[in-house]
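In what follows, chains are A, B, ... by sequence order, proteins preceding strands, each numbered from 1.
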Number of protein chains: 2
Amino acid sequence: MTKLQIHRREASDASDRDAKAQAEGFATVRQAHESEMAEDYVELIAELIEIQGEARPVDIAERLGVKPPTVTKNISRLKEAGLVSRERYRAIFLTPEGQKLAEACRRRHRIVVAFLLSLGIDEETAERDAEGIEHHVSETTLEAFEAVVTRAHEKH
Amino acid sequence: MTKLQIHRREASDASDRDAKAQAEGFATVRQAHESEMAEDYVELIAELIEIQGEARPVDIAERLGVKPPTVTKNISRLKEAGLVSRERYRAIFLTPEGQKLAEACRRRHRIVVAFLLSLGIDEETAERDAEGIEHHVSETTLEAFEAVVTRAHEKH
DNA sequence: TATATATGTTAGCATAGGCTAACTTTTGAG
DNA sequence: CTCAAAAGTTAGCCTATGCTAACATATATA
């Protein structure tokens, strides 16, 4: 073993945990990406049902900025995952599980947006950044955000 | 045109912009995802060069929590994108462009972590959340974060 | 210096999530 | 009630990013 290698080994005792923790962090991000599609869809479906009484693929496609066939494909995935129920050519419904997920997502979204606004960020940027950020915020961080928002409101 | 449809149309005048803006937001997130791989790699490569003098695929794989062939494949993509230079079986270097990107990423990472810490979040969570969040923070929001960190330091 | 071990690459596969073109079903206007 | 337009689906393609198994190269020590 050369000096260089020994050097690396010694460093690694100190940084093995670092490396492992880092790897877990990246794994967490990759997992988040895998559930992002589901989260975006159920959140949007809930929103559409609320504002216009039903969620149609064409509206989902428009809001997500994708083409209808993409929506069809992803809706079947969500159906397989037990988050939505629906029959061909008919409107889309959320299962109880889907509703639960949607509600959790909407809560996170609201908190993140309110938090960004409380920092003085403009609405459009807040909405846009929240869309990306919300999927990567742990419950711990979310609670910290919530606390800031509450404090800002108290000071009103 | 039925009442329901008229209703939708009327609503849509008010929400067309909404829908469009929302679609753009999702498009922004999708684009961010496409550059995440590049950002994570160059950031990590710069870090490895700094702490151990060189960036080897095996170390990158360990830190990212992926297998070596995945690193090989992604490094060639980065090479095609002009972010790294390297010869087969040799260590990895960043091109000037890659260095610039790495520096920007590390700045963002530092700011996001410092910001989360200033909210009282524990280090591990801060690091982990930052990893996911940093790719979705606009310059506007980043500056707001920076301001909070600075203020927290002043109050020290 | 020879060779075992560590590192790196290639080939081939899988899944996610986009797209277009072509087809089917639903819907609503006349 | 019919039939055209709107909505939805299917088929087939593409790219990104993972993986394993098998092979190639580099390196460090005996």
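Taking A:Arg108 as the reference, A:Glu39 meet the side-chain hydrogen bond (donor to acceptor under 3.5 Å, both in side chains) condition, with sequence neighbours excluded.
A:His33 has its NE2 atom 12 Å from the P atom of C:dG18, to the nearest Å. For B:Glu54 and C:dG8, the CD to P distance is 9 Å, given to the nearest whole Å. Between the P atom of D:dG8 and the CG atom of A:Asn74 lies a distance of 15 Å, rounded to the nearest Å. Rounded to whole Å, the distance from CD on A:Glu36 to C1' on C:dA16 is 13 Å. Rounded to an integer number of Å, the gap from CD of B:Glu62 to P of C:dG8 is 12 Å. Taking atom CZ on B:Arg56 and atom C1' on C:dT9, their separation rounds to 16 Å, with Å as the unit. Between the NZ atom of A:Lys79 and the C1' atom of D:dG8 there is a distance of 14 Å, given to the nearest Å. Atom C1' of nucleotide D:dA7 and atom CD of A:Glu87 are separated by 17 Å, given to the nearest angstrom.
No hydrogens or angles considered: a donor-acceptor pair under 3.5 Å links the side chains of A:Thr28 and B:Arg128.
Not one N or O on the side chain of A:Ser118 forms a donor-acceptor pair closer than 3.5 Å with the backbone of A:Val149. Of the possible polar contacts, one joining the B:Arg30 side chain to the A:Gly65 backbone as a donor-acceptor pair under 3.5 Å is found.
Residue A:Arg107 forms a salt bridge (Lys or Arg N to Asp or Glu O under 4.0 Å) with just one option from A:Glu139, A:Glu43, A:Glu134, and that option is A:Glu139.
Hydrophobic clustering places A:Leu64 together with A:Leu83 (ILVMFWY residues linked when any side-chain heavy atoms are closer than 4.5 Å, directly or through intermediates).
Comparing atom distances between the A:Lys67 side chain and each of D:dT20, C:dT20, C:dG8 picks out C:dT20 as nearest. Considering only the side chain of A:Pro57, D:dG8 comes nearest among C:dT7, D:dT25, D:dG8.
For the pair A:Glu47 and A:Arg106, the salt-bridge criterion is not met [side-chain N within less than 4.0 Å of a carboxylate O].
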For nucleotides 10-14 of chain C, which of its nitrogen or oxygen atoms have a protein nitrogen or oxygen under 3.5 Å away, and what is each distance?
{"unit_1": "C:dT10", "atom_1": "OP1", "unit_2": "B:Arg88", "atom_2": "NE", "d": "3.0"}
{"unit_1": "C:dT10", "atom_1": "OP1", "unit_2": "B:Arg88", "atom_2": "NH2", "d": "2.9"}

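Heavy-atom nearest nucleotides on DNA chain C were determined for A:Met37 and for A:Tyr89, and the one closer to the 5' end corresponds to A:Met37. Comparing A:Arg86 and A:Arg30, the nucleotide of DNA chain D nearest to each residue sits closer to the 5' end for A:Arg86. Heavy-atom nearest nucleotides on DNA chain C were determined for B:Val58 and for A:Tyr41, and the one closer to the 5' end corresponds to B:Val58.
Here A:Arg77 lies in heavy-atom contact (under 4.0 Å) with a base.
Under 4.0 angstrom from either OP1 or OP2 of C:dC19 there lies at least one side-chain N or O belonging to A:Thr70.
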